[in-house]
Amino acid sequence: MNYVDSYYAATINQHQPWPQLDGSVQCDVCIIGAGFTGLSSALFLTEAGYDVVVLEAARVGFGASGRNGGQVVNSYSRDIDVIEQRYGTDAARMLGSMMFEGADIIRDRIDRYAIACDYRPGGIFAALNARQMQHLRAQQRLWERYGNDQLELLDERGIRRAIATERYVGGLLDRRGGHLHPLNLALGEAEAIRRHGGRI
Ligand SMILES: Cc1cc2nc3c(=O)[nH]c(=O)nc-3n(C[C@H](O)[C@H](O)[C@H](O)COP(=O)(O)OP(=O)(O)OC[C@H]3O[C@@H](n4cnc5c(N)ncnc54)[C@H](O)[C@@H]3O)c2cc1C
């Protein structure tokens, strides 16, 4: 099955083909699906010396992992204050440190395995009006409380310097965030797995 048409599929890095499963294979751990979840788990396991097989029905990064926004964002689908309200400070603190760890793992792998996936550091949450700007100030205080010391509030001039538009009144720059080519990250992780003897 071919990748669906996208910018990412059109700019995919060259890679060796993966063999089709033929008959039975033996391994320590079999992982179903070569998206970020399966690839990341497989890479951790192969690095630790396990014999891993990843079974993929289509292609590496065929699902959401190969065609998402490519944004490395230090947050969850619910913000950390919602988690804090529902599950308490300790749980929020643990999850807060995990969200930084996730992005650090990605950056570490990009460096360690020289994965060419166009990683650009820095992500901006942009504000269209004063009310949104006020919200971003509150977000900054909240995230700093959870250990993000890489945040910078941008005023109108600041955001215009960062992105070429006059649409926004300001923003919050997170230097721990970033952007990358998700399909090439998936391919790079798959290559790293192969280098450690894993089979896909
Ligand atoms: C539109 C969109 C934008 C997003 N933007 C971002 C973003 O900017 N930043 C971010 O961090 N996250 C983003 N996400 C979320 C992110 O893409 C997902 O959380 C992540 O890709 C999930 O990875 P996964 O490995 O769990 O699933 P998938 O990437 O879907 O991988 C599952 C894999 O399993 C395979 N498979 C399924 N069933 C079988 C089977 N029976 N046998 C063998 N193989 C099978 C599939 O072919 C697929 O390759 C976005 C998601 C979407 C949909």
Side-chain angles (χ1 to χ4, degrees), residues 3-15 34-44 47 59-77 79-80 95-128 132-133 135-137 139-144 146-193 195:
Y3 291 110
V4 294
D5 278 347
S6 71
Y7 164 77
Y8 301 127
T11 53
I12 192 170
N13 289 339
Q14 284 213 331
H15 57 276
F36 288 152
T37 308
L39 293 169
S40 183
S41 309
L43 187 47
F44 273 121
E47 282 172 340
R59 281 167 182 256
V60 167
F62 179 81
S65 301
R67 39 179 141 159
N68 62 45
Q71 306 197 55
V72 180
V73 182
N74 297 296
S75 69
Y76 297 104
S77 61
D79 214 337
I80 202 81
L95 286 162
S97 70
M98 278 169 68
M99 71 192 177
F100 298 131
E101 194 186 357
D104 287 343
I105 290 169
I106 293 170
R107 281 186 286 265
D108 174 64
R109 284 179 174 165
I110 291 171
D111 286 347
R112 194 142 37 106
Y113 296 108
I115 299 175
C117 63
D118 309 326
Y119 180 71
R120 296 271 161 80
I124 291 177
F125 297 85
L128 287 165
Q132 290 183 357
M133 206 53 212
H135 175 68
L136 288 181
R137 270 189 211 99
Q139 292 294 103
Q140 182 184 20
R141 285 194 294 275
L142 176 72
W143 291 342
E144 282 177 349
Y146 280 94
N148 193 343
D149 54 2
Q150 300 285 309
L151 296 168
E152 185 190 339
L153 213 57
L154 303 175
D155 61 11
E156 206 161 331
R157 274 182 42 212
I159 199 161
R160 284 181 192 175
R161 266 200 308 271
I163 50 176
T165 171
E166 298 184 354
R167 186 91 177 83
Y168 303 108
V169 299
L172 182 59
L173 167 66
D174 181 3
R175 291 204 170 79
R176 294 178 84 144
H179 189 266
L180 49 75
H181 188 305
L183 183 54
N184 282 335
L185 175 66
L187 287 182
E189 292 196 350
E191 280 310 316
I193 292 163
R195 238 194 276 171

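In what follows, every heavy atom counts, from backbone to side chain, and hydrogens, waters and symmetry copies are set aside.
Rounding to the nearest 0.5 angstrom, the gap separating the CG atom in L185 from the CG atom in L180 is 5.5 Å. Atom CD1 of I80 sits about 10.5 Å away from atom CD of Q139, to the nearest 0.5 Å. For the atom pair I159 CD1 and R161 CZ, the distance stands at 11.5 Å (nearest 0.5 Å). N184 contributes atom CG, which lies 9.5 Å from atom NE2 of H15 (distance to the nearest 0.5 angstrom). Atom OH in Y168 sits 13.0 Å away from atom CD in E156 (nearest 0.5 Å).
Of all non-hydrogen atoms in L136 and A127, the two that sit nearest each other are CD1-CB, 3.9 Å. Considering all non-hydrogen atoms of both residues, L39 and A34 come closest at CD1-O, 3.5 Å. Scanning all heavy atoms of the two residues, the minimum distance from L172 to L153 falls at CD1-CD1, 3.6 Å. Nearest approach of M133 to L154, heavy atoms of both residues: CE-O, 3.3 Å. Taking every heavy atom of both residues into account, A103 and R176 meet most closely at CB-O, 4.2 Å.
A salt bridge does not link R195 with E191: none of the charged nitrogens is closer than 4.0 Å to a carboxylate oxygen.
Summarising the local packing, CG of D149 is surrounded by more than 12 heavy atoms from other residues, nucleotides or ligands at distances under 6.0 Å. Around CZ of R112, the count of heavy atoms belonging to other residues, nucleotides or ligands within 6.0 Å exceeds 12.
Looking only at distances, a side-chain donor or acceptor of S41 sits under 3.5 Å from a matching main-chain atom of T37.
For the residue pair R107 / Y119, a side-chain donor-acceptor distance below 3.5 Å is found, with atom types taken as modelled. Side chains of Q140 and N148: no donor on one and acceptor on the other come within 3.5 Å.
Cation-pi check for R67 over Y3 is not met; the charged atom does not lie both under 6.0 angstrom from the ring centroid and within 45 degrees of its normal. Both tests do not hold together for R141 against Y146: distance to the six-membered ring centre under 6.0 Å, angle to the ring axis within 45°.
Annotation: W143 is not in aromatic contact with F100 [ring centroid separation under 6.0 Å not met].
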